[in-house]
There are 2 protein chains.
Amino acid sequence: MTFQEQLKADIALIEPALERSLSGESGAGYDRIFEAAKYSALAGGKRLRPVIVLAFCRLCGGDAGNALPFACALEMIHTYSLIHDDLPCMDNDDLRRGRPTSHKVFGEAMAVLAGDGLLTRAFETAAESRLPAETVLRCVRLLARAAGMNGMIGGQVLDMESEHQKIPLDKLRLLQSLKTGCLIRAACELGCTAAGSEDEHTLAKARAYGEALGLAFQIQDDILDIEGDTAMLGKSTGKDEKSEKSTFPSLLGLEECRALVQSLTKDAADAVSTLGDSAFLTELAYSLVGRAN
Amino acid sequence: MTFQEQLKADIALIEPALERSLSGESGAGYDRIFEAAKYSALAGGKRLRPVIVLAFCRLCGGDAGNALPFACALEMIHTYSLIHDDLPCMDNDDLRRGRPTSHKVFGEAMAVLAGDGLLTRAFETAAESRLPAETVLRCVRLLARAAGMNGMIGGQVLDMESEHQKIPLDKLRLLQSLKTGCLIRAACELGCTAAGSEDEHTLAKARAYGEALGLAFQIQDDILDIEGDTAMLGKSTGKDEKSEKSTFPSLLGLEECRALVQSLTKDAADAVSTLGDSAFLTELAYSLVGRAN
(Lines give C-alpha, C1' and ligand atoms only; values in the text may rest on other atoms or scores of the structure.)
Protein backbone atom coordinates (compact mmCIF):
# COMPACT_ATOMS: atom_id res chain seq x y z
CA MET A 1 0.00 0.00 0.00
CA THR A 2 1.27 3.48 -0.77
CA PHE A 3 1.35 6.13 1.93
CA GLN A 4 -1.75 7.81 0.50
CA GLU A 5 -3.64 4.50 0.29
CA GLN A 6 -2.76 3.63 3.88
CA LEU A 7 -3.75 7.11 5.06
CA LYS A 8 -7.06 6.81 3.28
CA ALA A 9 -7.65 3.33 4.72
CA ASP A 10 -6.90 4.58 8.23
CA ILE A 11 -9.26 7.52 7.93
CA ALA A 12 -11.89 5.13 6.58
CA LEU A 13 -11.50 3.19 9.85
CA ILE A 14 -11.46 6.24 12.10
CA GLU A 15 -14.41 8.27 10.85
CA PRO A 16 -17.13 5.60 11.10
CA ALA A 17 -15.76 4.56 14.51
CA LEU A 18 -15.97 8.17 15.68
CA GLU A 19 -19.50 8.43 14.38
CA ARG A 20 -20.50 5.20 16.15
CA SER A 21 -18.97 6.43 19.40
CA LEU A 22 -21.03 9.60 19.18
CA SER A 23 -24.35 8.05 18.25
CA GLY A 24 -26.59 8.13 21.23
CA GLU A 25 -29.85 9.67 20.18
CA SER A 26 -32.04 9.65 23.19
CA GLY A 27 -35.45 10.27 21.79
CA ALA A 28 -35.89 12.03 25.11
CA GLY A 29 -35.41 15.63 24.12
CA TYR A 30 -31.67 16.04 24.44
CA ASP A 31 -30.60 14.85 20.99
CA ARG A 32 -29.17 18.24 20.21
CA ILE A 33 -26.12 17.51 22.36
CA PHE A 34 -25.24 14.55 20.10
CA GLU A 35 -25.86 16.72 17.07
CA ALA A 36 -23.48 19.36 18.43
CA ALA A 37 -20.82 16.79 19.35
CA LYS A 38 -20.98 15.20 15.90
CA TYR A 39 -21.06 18.57 14.12
CA SER A 40 -17.57 19.29 15.43
CA ALA A 41 -16.12 15.79 15.55
CA LEU A 42 -17.24 14.81 12.05
CA ALA A 43 -16.24 18.06 10.36
CA GLY A 44 -13.27 16.59 8.55
CA GLY A 45 -9.87 17.67 9.71
CA LYS A 46 -6.60 15.90 9.10
CA ARG A 47 -7.16 13.22 11.75
CA LEU A 48 -3.45 13.48 12.44
CA ARG A 49 -3.62 12.26 16.03
CA PRO A 50 -5.75 9.13 15.46
CA VAL A 51 -3.76 8.26 12.33
CA ILE A 52 -0.57 8.37 14.43
CA VAL A 53 -2.18 6.08 17.04
CA LEU A 54 -2.97 3.45 14.41
CA ALA A 55 0.44 3.79 12.75
CA PHE A 56 2.37 3.22 16.00
CA CYS A 57 0.13 0.29 16.84
CA ARG A 58 1.00 -1.34 13.50
CA LEU A 59 4.67 -0.43 13.88
CA CYS A 60 4.71 -2.33 17.20
CA GLY A 61 3.13 -5.38 15.58
CA GLY A 62 -0.40 -4.76 16.84
CA ASP A 63 -3.73 -4.90 15.05
CA ALA A 64 -4.69 -1.30 14.28
CA GLY A 65 -8.33 -2.13 15.07
CA ASN A 66 -7.34 -2.66 18.71
CA ALA A 67 -6.09 0.91 18.87
CA LEU A 68 -9.24 2.40 17.39
CA PRO A 69 -11.02 3.24 20.68
CA PHE A 70 -7.96 5.18 21.84
CA ALA A 71 -7.56 6.86 18.45
CA CYS A 72 -11.20 8.00 18.63
CA ALA A 73 -10.82 9.08 22.25
CA LEU A 74 -7.83 11.24 21.37
CA GLU A 75 -9.64 12.84 18.44
CA MET A 76 -12.64 13.60 20.69
CA ILE A 77 -10.33 15.26 23.20
CA HIS A 78 -8.71 17.30 20.42
CA THR A 79 -12.15 18.29 19.13
CA TYR A 80 -13.45 19.32 22.55
CA SER A 81 -10.38 21.50 23.04
CA LEU A 82 -11.08 23.28 19.74
CA ILE A 83 -14.73 23.91 20.69
CA HIS A 84 -13.78 25.40 24.04
CA ASP A 85 -10.83 27.37 22.56
CA ASP A 86 -13.15 28.94 20.01
CA LEU A 87 -15.63 30.20 22.65
CA PRO A 88 -16.21 33.96 22.90
CA CYS A 89 -14.50 34.04 26.31
CA MET A 90 -11.44 32.32 24.85
CA ASP A 91 -10.25 32.99 21.27
CA ASN A 92 -13.71 34.06 20.05
CA ASP A 93 -13.40 32.39 16.67
CA ASP A 94 -16.17 32.15 14.10
CA LEU A 95 -14.62 29.67 11.69
CA ARG A 96 -13.18 26.19 12.18
CA ARG A 97 -12.49 23.52 9.59
CA GLY A 98 -14.24 25.74 7.04
CA ARG A 99 -17.51 25.91 8.98
CA PRO A 100 -19.04 28.19 11.59
CA THR A 101 -17.78 27.28 15.06
CA SER A 102 -19.94 25.30 17.47
CA HIS A 103 -21.14 28.26 19.53
CA LYS A 104 -22.11 30.12 16.35
CA VAL A 105 -24.39 27.25 15.35
CA PHE A 106 -25.60 25.87 18.68
CA GLY A 107 -25.12 28.79 21.06
CA GLU A 108 -22.51 29.21 23.76
CA ALA A 109 -24.13 27.05 26.44
CA MET A 110 -24.52 24.08 24.10
CA ALA A 111 -20.94 24.53 22.85
CA VAL A 112 -19.63 24.34 26.42
CA LEU A 113 -21.70 21.18 26.99
CA ALA A 114 -20.71 19.63 23.64
CA GLY A 115 -17.08 20.05 24.65
CA ASP A 116 -17.80 18.53 28.06
CA GLY A 117 -19.68 15.70 26.38
CA LEU A 118 -16.86 14.90 23.97
CA LEU A 119 -14.28 14.88 26.77
CA THR A 120 -16.41 12.54 28.86
CA ARG A 121 -17.25 10.28 25.91
CA ALA A 122 -13.52 10.07 25.12
CA PHE A 123 -12.87 8.36 28.44
CA GLU A 124 -15.94 6.17 28.08
CA THR A 125 -14.84 5.07 24.60
CA ALA A 126 -11.32 4.30 25.77
CA ALA A 127 -12.54 2.43 28.86
CA GLU A 128 -14.80 0.23 26.72
CA SER A 129 -11.88 -1.26 24.80
CA ARG A 130 -11.82 -5.06 24.92
CA LEU A 131 -8.03 -5.22 25.35
CA PRO A 132 -6.66 -6.56 28.66
CA ALA A 133 -7.75 -4.32 31.53
CA GLU A 134 -4.16 -3.42 32.47
CA THR A 135 -3.50 -2.18 28.93
CA VAL A 136 -6.74 -0.22 28.77
CA LEU A 137 -6.05 1.45 32.11
CA ARG A 138 -2.57 2.41 30.98
CA CYS A 139 -4.16 4.10 27.95
CA VAL A 140 -6.77 5.89 30.07
CA ARG A 141 -4.01 7.28 32.27
CA LEU A 142 -1.99 8.37 29.22
CA LEU A 143 -5.03 10.19 27.83
CA ALA A 144 -5.88 11.90 31.11
CA ARG A 145 -2.34 13.07 31.78
CA ALA A 146 -1.82 14.39 28.26
CA ALA A 147 -5.13 16.24 28.23
CA GLY A 148 -4.99 17.51 31.80
CA MET A 149 -3.78 20.47 33.78
CA ASN A 150 -0.14 19.40 33.54
CA GLY A 151 -0.65 18.81 29.83
CA MET A 152 -2.86 20.38 27.20
CA ILE A 153 -4.92 22.47 29.63
CA GLY A 154 -1.78 23.84 31.27
CA GLY A 155 -0.56 24.84 27.82
CA GLN A 156 -3.83 26.56 27.10
CA VAL A 157 -3.50 28.53 30.35
CA LEU A 158 0.06 29.56 29.47
CA ASP A 159 -1.18 30.61 26.04
CA MET A 160 -3.94 32.77 27.51
CA GLU A 161 -1.62 34.35 30.02
CA SER A 162 0.96 35.12 27.32
CA GLU A 163 -1.31 37.22 25.13
CA HIS A 164 -0.31 40.80 24.46
CA GLN A 165 3.26 40.27 25.53
CA LYS A 166 6.53 39.06 24.12
CA ILE A 167 7.63 35.85 25.78
CA PRO A 168 11.07 34.25 25.55
CA LEU A 169 11.64 31.32 23.18
CA ASP A 170 11.97 28.72 25.93
CA LYS A 171 8.60 29.71 27.38
CA LEU A 172 7.02 29.52 23.92
CA ARG A 173 8.51 26.05 23.46
CA LEU A 174 7.11 24.91 26.81
CA LEU A 175 3.72 26.38 25.95
CA GLN A 176 3.56 24.56 22.62
CA SER A 177 5.00 21.37 24.03
CA LEU A 178 2.07 21.32 26.44
CA LYS A 179 -0.68 22.77 24.29
CA THR A 180 -0.16 20.74 21.11
CA GLY A 181 2.79 18.50 21.92
CA CYS A 182 1.18 16.51 24.74
CA LEU A 183 -1.64 15.06 22.66
CA ILE A 184 0.67 14.23 19.75
CA ARG A 185 3.17 12.49 22.03
CA ALA A 186 0.24 10.67 23.64
CA ALA A 187 -0.89 9.50 20.19
CA CYS A 188 2.50 7.84 19.67
CA GLU A 189 2.50 6.20 23.10
CA LEU A 190 -1.12 5.08 22.85
CA GLY A 191 -0.39 3.24 19.60
CA CYS A 192 2.54 1.37 21.13
CA THR A 193 0.64 0.63 24.34
CA ALA A 194 -2.42 -0.65 22.47
CA ALA A 195 -0.10 -3.04 20.64
CA GLY A 196 0.94 -4.35 24.04
CA SER A 197 4.42 -2.87 23.82
CA GLU A 198 5.88 -1.86 27.17
CA ASP A 199 9.42 -1.65 25.84
CA GLU A 200 10.91 1.57 27.24
CA HIS A 201 13.27 2.03 24.27
CA THR A 202 10.40 1.89 21.78
CA LEU A 203 8.26 4.23 23.89
CA ALA A 204 11.11 6.73 24.18
CA LYS A 205 11.59 6.71 20.39
CA ALA A 206 7.85 7.10 19.89
CA ARG A 207 7.79 10.06 22.26
CA ALA A 208 10.78 11.60 20.45
CA TYR A 209 8.91 11.29 17.15
CA GLY A 210 5.86 12.96 18.70
CA GLU A 211 7.96 15.68 20.29
CA ALA A 212 9.68 16.64 17.03
CA LEU A 213 6.59 16.24 14.87
CA GLY A 214 4.42 18.21 17.29
CA LEU A 215 6.82 21.12 17.32
CA ALA A 216 7.27 21.06 13.52
CA PHE A 217 3.50 20.98 13.16
CA GLN A 218 3.05 23.98 15.44
CA ILE A 219 5.74 26.06 13.73
CA GLN A 220 4.13 25.25 10.38
CA ASP A 221 0.80 26.33 11.88
CA ASP A 222 2.32 29.66 12.90
CA ILE A 223 3.74 30.09 9.38
CA LEU A 224 0.33 29.36 7.87
CA ASP A 225 -1.31 31.87 10.19
CA ILE A 226 0.85 34.48 8.45
CA GLU A 227 1.10 33.14 4.90
CA GLY A 228 -1.89 30.87 4.61
CA ASP A 229 -5.23 31.39 3.01
CA THR A 230 -8.40 31.33 5.10
CA ALA A 231 -10.31 29.40 2.44
CA MET A 232 -7.61 26.70 2.23
CA LEU A 233 -7.08 26.55 5.99
CA GLY A 234 -10.73 26.56 6.93
CA LYS A 235 -9.97 28.87 9.82
CA SER A 236 -9.19 32.54 10.28
CA THR A 237 -5.64 33.72 9.59
CA GLY A 238 -3.68 36.61 11.05
CA LYS A 239 -5.04 35.72 14.49
CA ASP A 240 -1.68 35.65 16.22
CA GLU A 241 -0.74 39.14 15.14
CA LYS A 242 -4.17 40.46 16.07
CA SER A 243 -3.97 39.02 19.57
CA GLU A 244 -0.30 40.05 19.81
CA LYS A 245 0.73 36.49 20.55
CA SER A 246 4.37 35.55 20.53
CA THR A 247 4.88 32.93 17.83
CA PHE A 248 7.89 31.13 16.42
CA PRO A 249 7.97 33.45 13.37
CA SER A 250 7.66 36.56 15.55
CA LEU A 251 10.62 35.43 17.64
CA LEU A 252 12.78 33.73 14.98
CA GLY A 253 11.67 35.09 11.61
CA LEU A 254 10.05 33.12 8.79
CA GLU A 255 13.28 31.87 7.22
CA GLU A 256 14.59 30.27 10.38
CA CYS A 257 11.15 28.77 11.04
CA ARG A 258 11.09 27.08 7.64
CA ALA A 259 14.52 25.61 8.31
CA LEU A 260 13.40 24.45 11.75
CA VAL A 261 10.36 22.66 10.35
CA GLN A 262 12.69 20.81 7.96
CA SER A 263 15.17 19.79 10.63
CA LEU A 264 12.50 18.78 13.15
CA THR A 265 10.81 16.64 10.51
CA LYS A 266 14.12 14.89 9.92
CA ASP A 267 14.47 14.40 13.70
CA ALA A 268 11.05 12.79 13.77
CA ALA A 269 11.92 10.46 10.91
CA ASP A 270 15.26 9.57 12.53
CA ALA A 271 13.58 8.74 15.83
CA VAL A 272 11.53 5.92 14.31
CA SER A 273 14.00 4.79 11.65
CA THR A 274 15.25 1.86 13.72
CA LEU A 275 11.82 0.67 14.88
CA GLY A 276 10.88 -1.59 11.98
CA ASP A 277 8.70 -0.51 9.10
CA SER A 278 8.63 3.21 9.76
CA ALA A 279 7.99 4.28 6.14
CA PHE A 280 4.44 5.42 6.84
CA LEU A 281 5.38 7.53 9.86
CA THR A 282 8.29 9.05 7.94
CA GLU A 283 6.09 9.97 5.00
CA LEU A 284 3.46 11.30 7.38
CA ALA A 285 6.00 13.64 8.94
CA TYR A 286 7.25 14.87 5.55
CA SER A 287 3.69 15.31 4.30
CA LEU A 288 3.16 17.98 6.96
CA VAL A 289 6.10 20.10 5.78
CA GLY A 290 4.90 22.74 3.40
CA ARG A 291 1.25 21.73 3.87
CA ALA A 292 -1.23 24.44 2.96
CA ASN A 293 -3.79 23.56 5.62
CA MET B 1 -19.36 5.54 66.05
CA THR B 2 -22.43 7.76 65.82
CA PHE B 3 -23.71 8.93 62.46
CA GLN B 4 -22.21 12.38 62.97
CA GLU B 5 -18.84 10.96 64.01
CA GLN B 6 -18.74 8.69 60.97
CA LEU B 7 -19.73 11.55 58.68
CA LYS B 8 -16.99 13.72 60.14
CA ALA B 9 -14.45 10.91 59.79
CA ASP B 10 -15.42 10.37 56.15
CA ILE B 11 -15.14 14.04 55.30
CA ALA B 12 -11.77 14.08 57.06
CA LEU B 13 -10.68 11.36 54.62
CA ILE B 14 -12.20 12.98 51.53
CA GLU B 15 -11.03 16.56 51.81
CA PRO B 16 -7.27 15.95 52.15
CA ALA B 17 -7.47 13.33 49.37
CA LEU B 18 -9.21 15.85 47.12
CA GLU B 19 -6.57 18.42 47.92
CA ARG B 20 -3.77 15.95 47.16
CA SER B 21 -5.40 15.03 43.84
CA LEU B 22 -5.48 18.67 42.86
CA SER B 23 -1.96 19.62 43.88
CA GLY B 24 0.13 20.00 40.83
CA GLU B 25 1.86 23.32 41.03
CA SER B 26 3.96 23.59 37.95
CA GLY B 27 6.34 26.40 38.77
CA ALA B 28 6.00 26.94 35.03
CA GLY B 29 3.52 29.76 34.89
CA TYR B 30 0.22 27.91 34.83
CA ASP B 31 -0.32 27.49 38.57
CA ARG B 32 -3.47 29.55 38.38
CA ILE B 33 -5.38 26.61 36.88
CA PHE B 34 -4.68 24.55 40.01
CA GLU B 35 -5.65 27.51 42.15
CA ALA B 36 -8.96 27.79 40.29
CA ALA B 37 -9.63 24.04 40.46
CA LYS B 38 -8.97 24.00 44.21
CA TYR B 39 -10.95 27.17 44.84
CA SER B 40 -14.09 25.38 43.71
CA ALA B 41 -13.33 21.83 44.84
CA LEU B 42 -12.22 22.80 48.34
CA ALA B 43 -15.01 25.28 49.03
CA GLY B 44 -16.82 23.07 51.49
CA GLY B 45 -20.11 21.63 50.37
CA LYS B 46 -21.90 18.64 51.84
CA ARG B 47 -19.67 16.06 50.11
CA LEU B 48 -22.81 13.97 49.74
CA ARG B 49 -21.63 12.00 46.71
CA PRO B 50 -18.19 10.97 48.02
CA VAL B 51 -19.66 10.17 51.45
CA ILE B 52 -22.14 7.82 49.73
CA VAL B 53 -19.29 6.13 47.83
CA LEU B 54 -17.42 5.37 51.06
CA ALA B 55 -20.59 4.24 52.85
CA PHE B 56 -21.54 1.71 50.16
CA CYS B 57 -17.98 0.44 50.06
CA ARG B 58 -18.12 -0.24 53.80
CA LEU B 59 -21.62 -1.72 53.53
CA CYS B 60 -20.27 -4.24 50.99
CA GLY B 61 -17.43 -5.18 53.31
CA GLY B 62 -14.74 -3.15 51.57
CA ASP B 63 -12.09 -0.84 52.99
CA ALA B 64 -13.37 2.71 52.49
CA GLY B 65 -9.84 3.85 51.67
CA ASN B 66 -10.01 1.77 48.48
CA ALA B 67 -13.01 3.77 47.33
CA LEU B 68 -11.37 7.13 47.98
CA PRO B 69 -10.05 7.74 44.42
CA PHE B 70 -13.55 7.16 43.02
CA ALA B 71 -15.13 9.29 45.73
CA CYS B 72 -12.77 12.14 44.85
CA ALA B 73 -13.31 11.64 41.12
CA LEU B 74 -17.06 11.90 41.56
CA GLU B 75 -16.76 15.05 43.66
CA MET B 76 -14.48 16.60 41.01
CA ILE B 77 -17.07 15.82 38.35
CA HIS B 78 -19.81 17.34 40.49
CA THR B 79 -17.64 20.43 41.06
CA TYR B 80 -16.80 20.89 37.37
CA SER B 81 -20.51 20.70 36.54
CA LEU B 82 -21.25 23.48 39.03
CA ILE B 83 -18.50 25.70 37.59
CA HIS B 84 -19.79 25.27 34.03
CA ASP B 85 -23.46 25.61 35.12
CA ASP B 86 -22.67 28.92 36.80
CA LEU B 87 -21.06 30.44 33.67
CA PRO B 88 -22.66 33.58 32.21
CA CYS B 89 -23.78 31.63 29.11
CA MET B 90 -25.51 29.05 31.34
CA ASP B 91 -27.18 30.01 34.65
CA ASN B 92 -25.04 33.15 35.11
CA ASP B 93 -24.69 32.75 38.86
CA ASP B 94 -22.53 34.91 41.10
CA LEU B 95 -22.67 32.91 44.29
CA ARG B 96 -21.87 29.26 45.08
CA ARG B 97 -21.19 27.63 48.41
CA GLY B 98 -21.22 31.10 49.94
CA ARG B 99 -18.42 32.44 47.75
CA PRO B 100 -18.21 34.24 44.42
CA THR B 101 -18.40 31.76 41.54
CA SER B 102 -15.27 30.69 39.66
CA HIS B 103 -15.74 32.98 36.68
CA LYS B 104 -16.28 35.95 39.02
CA VAL B 105 -12.91 35.33 40.62
CA PHE B 106 -10.81 33.91 37.79
CA GLY B 107 -12.60 35.13 34.68
CA GLU B 108 -14.72 33.15 32.26
CA ALA B 109 -11.93 31.57 30.25
CA MET B 110 -10.19 30.24 33.34
CA ALA B 111 -13.51 28.97 34.73
CA VAL B 112 -14.12 26.97 31.55
CA LEU B 113 -10.61 25.52 31.79
CA ALA B 114 -10.89 24.83 35.54
CA GLY B 115 -14.02 22.79 34.81
CA ASP B 116 -12.24 20.96 32.00
CA GLY B 117 -9.28 20.37 34.27
CA LEU B 118 -11.40 18.93 37.09
CA LEU B 119 -13.24 16.61 34.70
CA THR B 120 -9.97 15.33 33.25
CA ARG B 121 -8.32 15.00 36.66
CA ALA B 122 -11.35 13.00 37.84
CA PHE B 123 -10.61 10.27 35.31
CA GLU B 124 -6.89 10.42 36.03
CA THR B 125 -7.53 10.05 39.76
CA ALA B 126 -9.90 7.13 39.24
CA ALA B 127 -7.54 5.40 36.80
CA GLU B 128 -4.66 5.65 39.27
CA SER B 129 -6.43 3.48 41.85
CA ARG B 130 -4.35 0.48 42.93
CA LEU B 131 -7.33 -1.89 42.95
CA PRO B 132 -7.41 -4.73 40.37
CA ALA B 133 -7.47 -3.28 36.85
CA GLU B 134 -10.84 -4.88 36.03
CA THR B 135 -12.42 -3.19 39.06
CA VAL B 136 -10.86 0.16 38.27
CA LEU B 137 -12.02 0.02 34.67
CA ARG B 138 -15.54 -0.83 35.78
CA CYS B 139 -15.47 2.30 37.95
CA VAL B 140 -14.10 4.47 35.13
CA ARG B 141 -16.95 3.32 32.89
CA LEU B 142 -19.52 3.99 35.63
CA LEU B 143 -18.16 7.51 36.07
CA ALA B 144 -18.09 8.27 32.36
CA ARG B 145 -21.60 6.98 31.71
CA ALA B 146 -23.11 8.82 34.67
CA ALA B 147 -21.39 12.09 33.80
CA GLY B 148 -21.86 11.88 30.04
CA MET B 149 -24.33 12.87 27.36
CA ASN B 150 -26.74 10.08 28.29
CA GLY B 151 -26.36 11.07 31.93
CA MET B 152 -25.68 14.36 33.70
CA ILE B 153 -24.90 16.34 30.54
CA GLY B 154 -28.10 15.14 28.86
CA GLY B 155 -30.00 16.31 31.93
CA GLN B 156 -28.32 19.69 31.76
CA VAL B 157 -29.37 20.00 28.11
CA LEU B 158 -32.97 19.09 28.97
CA ASP B 159 -32.86 21.65 31.76
CA MET B 160 -31.64 24.39 29.41
CA GLU B 161 -34.18 23.55 26.78
CA SER B 162 -37.00 23.54 29.33
CA GLU B 163 -36.51 27.11 30.51
CA HIS B 164 -39.39 29.54 30.15
CA GLN B 165 -41.93 26.79 29.66
CA LYS B 166 -44.10 24.50 31.69
CA ILE B 167 -43.05 20.87 31.23
CA PRO B 168 -45.03 17.79 32.30
CA LEU B 169 -44.09 15.96 35.50
CA ASP B 170 -42.67 12.91 33.73
CA LYS B 171 -40.27 15.10 31.75
CA LEU B 172 -39.22 16.90 34.91
CA ARG B 173 -38.56 13.56 36.58
CA LEU B 174 -36.46 12.40 33.63
CA LEU B 175 -34.57 15.70 33.66
CA GLN B 176 -33.75 15.42 37.35
CA SER B 177 -33.03 11.71 37.15
CA LEU B 178 -30.35 12.56 34.59
CA LYS B 179 -29.09 15.87 35.91
CA THR B 180 -28.71 15.02 39.59
CA GLY B 181 -29.81 11.40 39.83
CA CYS B 182 -27.11 9.88 37.64
CA LEU B 183 -24.17 10.99 39.77
CA ILE B 184 -25.90 9.98 43.00
CA ARG B 185 -26.76 6.53 41.63
CA ALA B 186 -23.17 6.26 40.39
CA ALA B 187 -21.95 7.06 43.92
CA CYS B 188 -23.87 4.05 45.25
CA GLU B 189 -22.61 1.73 42.51
CA LEU B 190 -19.03 2.95 42.76
CA GLY B 191 -18.93 2.14 46.47
CA CYS B 192 -20.16 -1.41 45.89
CA THR B 193 -17.85 -1.90 42.91
CA ALA B 194 -14.80 -0.60 44.77
CA ALA B 195 -15.57 -3.16 47.48
CA GLY B 196 -15.35 -5.83 44.80
CA SER B 197 -19.07 -6.55 44.86
CA GLU B 198 -20.49 -7.62 41.52
CA ASP B 199 -23.67 -9.02 43.06
CA GLU B 200 -26.56 -7.81 40.89
CA HIS B 201 -29.06 -7.84 43.78
CA THR B 202 -26.87 -5.56 45.88
CA LEU B 203 -26.18 -3.24 42.95
CA ALA B 204 -29.90 -2.99 42.18
CA LYS B 205 -30.66 -2.09 45.81
CA ALA B 206 -27.84 0.43 45.81
CA ARG B 207 -29.20 2.02 42.64
CA ALA B 208 -32.70 2.11 44.15
CA TYR B 209 -31.31 3.94 47.18
CA GLY B 210 -29.57 6.43 44.91
CA GLU B 211 -32.64 6.88 42.75
CA ALA B 212 -34.94 7.66 45.70
CA LEU B 213 -32.37 9.75 47.56
CA GLY B 214 -31.43 11.72 44.45
CA LEU B 215 -35.04 12.62 43.75
CA ALA B 216 -35.75 13.51 47.40
CA PHE B 217 -32.63 15.65 47.40
CA GLN B 218 -33.70 17.50 44.27
CA ILE B 219 -37.24 18.15 45.49
CA GLN B 220 -35.80 19.46 48.75
CA ASP B 221 -33.49 21.67 46.67
CA ASP B 222 -36.49 23.07 44.81
CA ILE B 223 -38.26 23.72 48.14
CA LEU B 224 -35.18 25.52 49.46
CA ASP B 225 -34.99 27.64 46.32
CA ILE B 226 -38.40 28.99 47.38
CA GLU B 227 -38.21 28.94 51.16
CA GLY B 228 -34.50 28.92 51.87
CA ASP B 229 -32.21 31.69 52.88
CA THR B 230 -29.35 32.76 50.60
CA ALA B 231 -26.96 33.17 53.53
CA MET B 232 -27.69 29.65 54.84
CA LEU B 233 -27.69 28.07 51.39
CA GLY B 234 -24.59 29.83 50.15
CA LYS B 235 -26.21 30.27 46.76
CA SER B 236 -28.85 32.52 45.27
CA THR B 237 -32.51 31.66 45.89
CA GLY B 238 -35.57 32.35 43.80
CA LYS B 239 -33.61 31.34 40.70
CA ASP B 240 -36.19 28.88 39.42
CA GLU B 241 -38.99 31.38 39.45
CA LYS B 242 -36.80 34.02 37.82
CA SER B 243 -35.85 31.70 34.97
CA GLU B 244 -39.42 30.38 34.80
CA LYS B 245 -38.23 26.82 35.31
CA SER B 246 -40.72 24.08 35.97
CA THR B 247 -39.95 22.63 39.38
CA PHE B 248 -41.56 20.02 41.58
CA PRO B 249 -43.22 22.71 43.75
CA SER B 250 -44.47 24.60 40.68
CA LEU B 251 -46.10 21.42 39.37
CA LEU B 252 -47.19 19.75 42.62
CA GLY B 253 -47.34 22.47 45.25
CA LEU B 254 -45.19 22.72 48.37
CA GLU B 255 -47.32 20.47 50.58
CA GLU B 256 -47.20 17.52 48.22
CA CYS B 257 -43.48 18.07 47.72
CA ARG B 258 -42.82 17.87 51.44
CA ALA B 259 -44.76 14.60 51.62
CA LEU B 260 -42.86 13.25 48.61
CA VAL B 261 -39.50 14.02 50.20
CA GLN B 262 -40.61 12.04 53.26
CA SER B 263 -41.84 9.03 51.32
CA LEU B 264 -38.83 8.95 48.97
CA THR B 265 -36.52 9.09 51.97
CA LYS B 266 -38.32 6.09 53.39
CA ASP B 267 -37.97 4.33 50.02
CA ALA B 268 -34.24 4.97 50.11
CA ALA B 269 -33.95 3.59 53.63
CA ASP B 270 -36.06 0.53 52.72
CA ALA B 271 -33.88 -0.21 49.70
CA VAL B 272 -30.78 -0.76 51.80
CA SER B 273 -32.45 -2.18 54.91
CA THR B 274 -31.64 -5.78 54.00
CA LEU B 275 -28.04 -5.14 52.94
CA GLY B 276 -26.28 -5.46 56.28
CA ASP B 277 -25.37 -2.53 58.46
CA SER B 278 -27.30 0.17 56.67
CA ALA B 279 -27.73 2.48 59.67
CA PHE B 280 -25.37 5.12 58.32
CA LEU B 281 -27.04 5.28 54.91
CA THR B 282 -30.47 5.44 56.52
CA GLU B 283 -29.46 8.30 58.80
CA LEU B 284 -27.78 10.03 55.88
CA ALA B 285 -31.04 9.93 53.92
CA TYR B 286 -33.09 11.25 56.86
CA SER B 287 -30.50 13.96 57.58
CA LEU B 288 -31.30 15.47 54.18
CA VAL B 289 -35.02 15.85 54.92
CA GLY B 290 -35.69 19.30 56.21
CA ARG B 291 -32.10 20.39 55.73
CA ALA B 292 -31.63 24.15 55.48
CA ASN B 293 -28.79 24.05 52.98
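Lettering of chains follows the sequences in order, A, B, ..., and the numbering in each one begins at 1.
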Let me know if B:R138 has heavy atoms under 4.5 Å from chain A in its side chain, its backbone, both or neither.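 Answer is neither: B:R138 stays 4.5 Å or more from chain A.
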Examine whether an atom of B:A37 lies under 4.5 Å from a heavy atom of chain A, and if so say whether it belongs to the side chain, the backbone or both; otherwise answer neither. side chain
How long is the straight-line distance from [atom2] of [Y] back to [atom1] of [X], given to the nearest 0.5 Å?
{"X": "A:I153", "Y": "B:I33", "atom1": "CD1", "atom2": "CD1", "result": "6.0 Å"}
{"X": "B:M160", "Y": "A:L113", "atom1": "CE", "atom2": "CG", "result": "5.5 Å"}
{"X": "B:E128", "Y": "A:L137", "atom1": "CD", "atom2": "CG", "result": "10.5 Å"}

Tell me the closest heavy-atom pair linking [X] and [Y], and the distance in Å.
{"X": "B:V140", "Y": "A:A127", "value": "CG1-CB, 3.8 Å"}
{"X": "A:M149", "Y": "B:Y30", "value": "O-CE1, 3.1 Å"}
{"X": "B:L119", "Y": "A:D116", "value": "CD2-O, 4.0 Å"}
{"X": "B:E161", "Y": "A:G29", "value": "OE1-O, 3.4 Å"}

Is A:A114 close to chain B through its backbone or its side chain, or both, or neither, when contacts mean heavy atoms under 4.5 Å? neither
Checking A:E108 against chain B: side chain, backbone, both or neither under 4.5 Å from a heavy atom?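 Its backbone and side chain both get close to chain B.
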Only heavy atoms, only distances under 4.5 angstrom. Which residues in residues 163-200 of chain A are near chain B?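 Those residues of residues 163-200 of chain A which have a heavy atom under 4.5 Å from chain B are A:L174, A:L178.
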Chain B-proximal positions within residues 70-97 of chain A [heavy-atom distance under 4.5 Å]: A:Y80, A:H84, A:L87, A:C89, A:M90
Among A:R145, A:M110, A:R121, who wins on heavy-atom pairs under 4.5 Å with chain B?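 Of A:R145, A:M110, A:R121, A:R145 has the most heavy-atom pairs under 4.5 Å with chain B.
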Would you check if B:T120 and A:F123 make a side-chain contact, meaning some heavy-atom pair closer than 4.5 Å?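 Answer yes - side chains close enough.
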Flag the pair A:N150 / B:F34 as yes when at least one side-chain heavy-atom distance between them is below 4.5 Å, and no otherwise.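 Counting from C-beta outward, A:N150 and B:F34 do come under 4.5 Å.
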